Amino acid sequence: MASSLYSPIRVRILNPEPRPAFKTPKPRRFSVRSDLHTSPELTGRLHLSHSVQIQADLAGEAVVGPSVAFVPQPKRARKNVLLFYCGEMEELAKQVVRESDSIELRSISWRKFEDGFPNLFISNAHAIRGQHVAFLASFSSPHVIFEQLSIIYSLPRLFVSSFTLVLPFFPTGSYERMEDEGDVATAFTLARILSNVPISRGGPTSVVIFDIHALQERFYFGDYVLPCFESGVPLLKNRLQQLPDSDNISIAFPDDGAYKRFHKQLQHFPVIVCNKVREGEKRFVRIKEGDPKGRHIVIVDDLVQSGGTLIECQKVLAAHGAAKISAYVTHGIFPNKSWQRFQYDNGVGPQNGLTHFWITDSCPLTVKEVKNVPPFEILSLAGSIASTLQI
């Protein structure tokens, strides 16, 4: 039998019998544990039948019989996905397609009737039957949610093989708590709306969300959708490795919530934790643990709105001797153009502003405003979304 068909096998003898007194031993059988090492040029697996017979002499040398066979394993085929998108997400959708040859863009006609209600049309709907379909959504404001929900509820009913909703930013995620009777947790409301997306031929809808505000919001979703929580932090880690002072970086969290949310993904960096303190009617930020002196500090959080907490954190870190201060948030919301509050340090020092402010393109309206405006830099989710669509 040609030896090229088999991979090497290493055998250990478990509890061999005592060496007999005679000099010419006969072959005998015993139990073995094997460590298989496949040759690098082979793709597949080794199959050992339940009745593998191994003969060995007393020196421990083994010969494997013909019951070991190599079974080729076919490579997993990439899933072809038809990607629909809302108007705000057109640029990100095009970037996703550039990341993968297995993703194809499809269009929707977003029109309105005279009374302002949506008049929508899914182009070439018959052609998507039996296909894997995804929709890239942006719930940037309440007035665009209804028209997108109309599409989200329609696509799975077109006899598609599977349906994936990519909602990079879950907008009501920070409204998950009830502190007083009568408070409405709108994070739960939106999760329940998405939980009723129709089931496609392939099963429940997958809902992809990046850095949701609180991981326990997973349990707000019902049993008819599969929430898939991804993170933009790997993009930050890759960017930090490219910096000339990458060996002098510490991570700062503006509060305990951010620390709990992200510290495991950034555990290889020195950590600084800040917190908010209230004295009477005043609130201020202080350093709870860690030392920023002489370090390039990167403040990390899931989102920013007005930016007040980040700015106060920057001031405290600068006062304690930080050499540079940068910031990262996955979702740059910045209502009322609050991004203008963040200044570029221009090499002068952290007291005057930030060296970098990284955000992702989860909020496309913000991206249009801050693109090419220092200290802002966009880290695209396109590659992460393209990979997630292959799950």
Side-chain angles (χ1 to χ4, degrees), residues 76-110 120 122-125 127-128 131-140 144-145 147-149 151-152 154-156 158 160-171 194 197 200 202 205-212 225-239 303 328-333 358-372 376-391:
R76 180 183 174 185
R78 292 185 67 81
K79 183 170 67 174
N80 294 319
V81 179
L82 305 180
L83 179 61
F84 293 85
Y85 56 92
C86 68
E88 292 180 11
M89 285 295 191
E90 181 176 3
E91 182 57 35
L92 178 55
K94 291 179 179 178
Q95 291 184 50
V96 172
V97 170
R98 287 195 288 267
E99 292 286 338
S100 174
D101 294 334
S102 61
I103 302 175
E104 178 183 341
L105 278 188
R106 289 299 177 93
S107 62
I108 295 171
S109 177
W110 302 89
L120 309 171
I122 300 172
S123 304
N124 204 12
I128 72 174
Q131 303 294 321
H132 299 288
V133 172
F135 179 73
L136 182 56
S138 174
F139 290 178
S140 58
V144 301
I145 293 179
E147 62 183 14
Q148 293 183 59
L149 284 175
I151 295 295
I152 291 166
S154 297
L155 286 171
L158 296 177
V160 300
S161 289
S162 69
F163 180 61
T164 301
L165 168 61
V166 182
L167 181 63
F169 173 49
F170 188 74
L194 296 179
V197 174
S200 68
T205 294
S206 299
V207 181
V208 180
I209 299 171
F210 284 82
D211 290 320
I212 198 166
V225 294
L226 301 174
C228 177
F229 293 155
E230 298 292 330
S231 179
V233 171
L235 300 175
L236 170 66
K237 293 168 69 174
N238 290 338
R239 184 66 182 92
L303 59 84
Y328 165 85
V329 296
T330 303
H331 311 296
I333 305 168
W358 294 288
I359 64 173
T360 74
D361 44 6
S362 66
C363 300
L365 298 182
T366 297
V367 171
K368 290 181 179 179
E369 293 183 338
V370 306
K371 192 173 183 179
N372 300 321
F376 293 97
E377 181 180 334
I378 311 302
L379 305 179
S380 180
L381 296 172
S384 301
I385 292 173
S387 298
T388 303
L389 290 179
Q390 291 297 319
I391 296 176

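Keep in mind that what you see is a predicted model, and the values were worked out from it rather than measured. The figures that follow rest on heavy atoms only: side chains count, while hydrogens, waters and symmetry mates do not.
- Atom CG of L136 is separated from atom CD1 of I385 by 5.5 Å, given to the nearest 0.5 angstrom.
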side-chain contact (heavy atoms from CB on, under 4.5 Å) evaluation trace for E104 with L82: CA-CA 5 Å; E104 178 183 341; L82 305 180; 3.7 Å; yes
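- Scanning both residues, L381 and G232, for their nearest heavy atoms gives CD2-CA, 4.4 Å.
- For the salt bridge (Lys or Arg N to Asp or Glu O under 4.0 Å) test, residues two or more places apart in sequence or in another chain that qualify with E369 are K337.
- Shown here are the side-chain contact (heavy atoms from CB on, under 4.5 Å) partners of E377, two or more places apart in sequence or in another chain: R239, H356, W358, L379.
- I391 contributes atom CD1, which lies 11.0 Å from atom CG of L226 (distance to the nearest 0.5 angstrom).
- With sequence neighbours left out, V370 forms a side-chain contact (heavy atoms from CB on, under 4.5 Å) with W339, I359, T366, F376, I378.
- Two residues are said to be in side-chain contact when any heavy atoms from C-beta on lie closer than 4.5 Å; D361 and E91 fail this criterion.
- S140 and E88 make their closest contact through OG-OE2, 2.7 Å (heavy atoms, listed as atom of the first residue, atom of the second, distance).
- At a threshold of 4.5 Å between non-hydrogen side-chain atoms, the residues V96 and I103 count as touching.
- Rounding to the nearest 0.5 Å places CZ of R106 at 15.0 Å from CZ of F135.
- Of the possible donor and acceptor atoms, one in the side chain of T360 sits under 3.5 Å from a partner among the backbone N and O of T330.
- Residues meeting the ring pair (Phe, Tyr, Trp, His ring centres under 6.0 Å) test with F169, sequence neighbours left out: H331.
- At a threshold of 4.5 Å between non-hydrogen side-chain atoms, the residues C86 and V144 do not count as touching.
- Between M89 and S362 the shortest heavy-atom distance is CE-O, 3.6 Å.
- Under the rule for a side chain to side chain donor-acceptor pair (under 3.5 Å), Y85 has no partner lying at least two apart in sequence or in another chain.
- Here the closest non-hydrogen pair linking P234 and S231 is CD-O, 3.5 Å.
- Taken from CG in L155 to CZ in F163, the straight-line distance is 5.0 Å, to the nearest 0.5 Å.
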- prompt: Would I122 and S154 count as a side-chain contact (heavy atoms from CB on, under 4.5 Å) if you check the C-alpha gap in whole Å, the side-chain angles of each, and the deciding distance to 0.1 Å?
  reply: CA-CA 9 Å; I122 300 172; S154 297; 4.2 Å; yes
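- Taking the side chain to side chain donor-acceptor pair (under 3.5 Å) definition, one finds that K94 meets it with E90, sequence neighbours left out.
- Separating the CD atom in Q131 from the OG atom in S200 is a distance of 12.5 Å, to the nearest 0.5 Å.
- S123 contributes atom OG, which lies 8.0 Å from atom CD1 of I108 (distance to the nearest 0.5 angstrom).
- For F170, the ring pair (Phe, Tyr, Trp, His ring centres under 6.0 Å) criterion is met by F221, not counting sequence neighbours.
- Residues forming a salt bridge (Lys or Arg N to Asp or Glu O under 4.0 Å) with D211 (at least two apart in sequence, or on another chain): R261.
- T164 is linked by a side chain to side chain donor-acceptor pair (under 3.5 Å) to nothing, counting only residues two or more places apart in sequence or in another chain.
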message: Between L83 and V166, is the side-chain contact (heavy atoms from CB on, under 4.5 Å) condition met? List the steps.
response: CA-CA 10 Å; L83 179 61; V166 182; 5.6 Å; no
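- The side chain to side chain donor-acceptor pair (under 3.5 Å) search around E147 returns K112, not counting sequence neighbours.
- Under the rule for a side-chain contact (heavy atoms from CB on, under 4.5 Å), the partners of S102 that lie at least two apart in sequence or sit in another chain are R78, N80, S100, Q390.
- Within 6.0 Å of CG in N238 there are more than 12 heavy atoms belonging to other residues, nucleotides or ligands.
- When side chains are defined from C-beta on, L92 does not count as touching P364, because their heavy atoms never get closer than 4.5 Å.
- Closest of all the heavy-atom pairs between A137 and L165 is CB-CD1, 3.9 Å.
- Heavy atoms only, all atoms of each residue included: V208 and E230 are closest at CG1-CG, 4.1 Å.
- Legend: residues meeting side-chain contact (heavy atoms from CB on, under 4.5 Å) with S384, ordered by chain and number and at least two apart, are F210, L235.
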